[in-house]
There are 2 protein chains.
Amino acid sequence: MKRTSLAGDSCPVARALDVFGDWWSLLIIRDASLGRRRFGEFQASLGLAKNILTTRLRTLVERGILKTVPASDGSAYQEYVLTPKGHGIFPILVALRQWTEEFDDHPDEIATIMVDRDKGKPVKKLALLSQDGRVLGAADTTLKPRPAAKRARRVLA
Amino acid sequence: MKRTSLAGDSCPVARALDVFGDWWSLLIIRDASLGRRRFGEFQASLGLAKNILTTRLRTLVERGILKTVPASDGSAYQEYVLTPKGHGIFPILVALRQWTEEFDDHPDEIATIMVDRDKGKPVKKLALLSQDGRVLGAADTTLKPRPAAKRARRVLA
DNA sequence: TTGTGTGGTTGCAATATTAAACCGTATGCC
DNA sequence: GGCATACGGTTTAATATTGCAACCACACAA
């Protein structure tokens, strides 16, 4: 099927999807952001085949989303933890979560809610703000060419 | 390859990915939110095979992300526009965009920036706020079991 | 020695993607 | 009207990729 790579695309959405837009990567990242660190934890949680987990972990490390660290329990094994680049994906996970909370047909099947750790109260919806503090919807935004945009290999949106 | 369906998963992230987490759907949605409406527009913009575009459009319609409307130019064809559920994906696109803007290794290849339509100034970063207005990072949040969570078919994170 | 945690390797089945041919409906032009 | 061309899909066949299962191997622990 030769998935066409989006790596050279000039659209930032496509570029992000090229990095972790496959079926499992975001779920692995979600698990990592939940504190899972060990191969076995990921495998048990996600139920995916071990070989696939192996390759996914490897490419996520290659791409700077995860890094391996010596196991915290002193064994010779390694653990996988998010890099800053990986932690930066957190808002995307939140956005996905909130979309489901708002639009899913069976919201009663959602098991968890995200709460402020201090107060234990649900977080607010992600908001997109303008420089002067107004809340912006999709219709209130446009795309402008980036000031000094270099020519990308493939120019889309 | 029999992608294991995540539809019954209790994690809202997984549920969202089950709806539009494949390789093309989010890009189609991005195009739609950019104002593209016609089959040919999507195909030309994305460069994917036409049959795939056909099936993707159909499942996005089935899932309530897009709807078909009679063509605006009076021809007998149809156009594809976002439903409210589809428009709700906008924050996810913004989150993806901002992640790339912040972490991509070649940010100079990004062609566009998102600006406030009124003022033409770049938008601010998506912020996650607590009820009392503090900005929350990943470490400042936890997941709590949903109050009256019904048992989902598969219970993960 | 036995068991467990981490993977790698191999083989097979299922699916996704693509390119290309094809078709019915319009549209433009003479 | 007649012809050529474009649009909107559908179908088909070839190919590439993913997923699963099972087995292998090595490191460490008991």
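Proteins get letters first, then strands, A, B, ... in listed order; numbering begins at 1 in each.
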Without decimals, in angstroms, what is the distance between [X] [atom1] and [N] [atom2]?
X       : N      : atom1 : atom2 : value
A:Ile28 : D:dG19 : CD1   : C1'   : 13 Å
B:Arg37 : D:dG9  : CZ    : P     : 14 Å
A:Phe42 : C:dG7  : CZ    : P     : 10 Å
B:Leu53 : C:dT18 : CG    : C1'   : 13 Å
A:Glu79 : C:dT6  : CD    : P     : 8 Å
A:Gln43 : C:dG5  : CD    : P     : 11 Å
A:Arg58 : C:dT9  : CZ    : P     : 8 Å
A:Asp22 : D:dT18 : CG    : C1'   : 10 Å

Q. Any salt bridge between A:Arg97 and A:Glu101, counting N to O under 4.0 Å?
A. yes
side-chain N/O [X] vs [N] OP1/OP2, d < 4.0 Å:
X       : N      : result
B:Trp24 : C:dA16 : no
B:Arg38 : D:dG8  : yes
A:Arg56 : D:dG19 : yes
B:Gln78 : D:dG9  : yes

According to a hydrophobic-cluster definition based on side-chain heavy atoms being under 4.5 Å apart (Ile, Leu, Val, Met, Phe, Trp, Tyr only), do [X] and [Y] belong together?
X        : Y       : answer
A:Tyr77  : A:Leu66 : no
A:Val61  : A:Trp24 : yes
B:Ile113 : B:Val94 : no
A:Val81  : A:Leu60 : no

Q: Any chance you could list the contact pattern along nucleotides 21-30 of chain D? Use B for base contacts, S for sugar-phosphate-only contacts and - for none, protein heavy atoms under 4.0 Å, 5' to 3'.
A: B-----BS--
**Q.** Sugar-phosphate, base or nothing in reach of B:Tyr80, heavy atoms under 4.0 Å
**A.** sugar-phosphate
Q: Show your working on salt bridge (Lys or Arg N to Asp or Glu O under 4.0 Å) between A:Arg117 and B:Asp140 and close with a plain yes or no.
A: CA-CA 5 Å; A:Arg117 183 187 292 274; B:Asp140 306 316; over 6 Å; no
Q) Of A:Leu57 and B:Ile52, whose closest DNA chain C nucleotide lies nearer the 5' terminus? A) A:Leu57
Q: Determine, step by step, whether B:Phe90 and A:Trp99 satisfy the ring-ring contact (aromatic ring centres under 6.0 Å, His included) criterion, reporting the C-alpha distance in whole Å, the side-chain angles of both residues, the deciding distance to 0.1 Å, and the verdict.
A: CA-CA 9 Å; B:Phe90 180 68; A:Trp99 182 83; over 10 Å; no
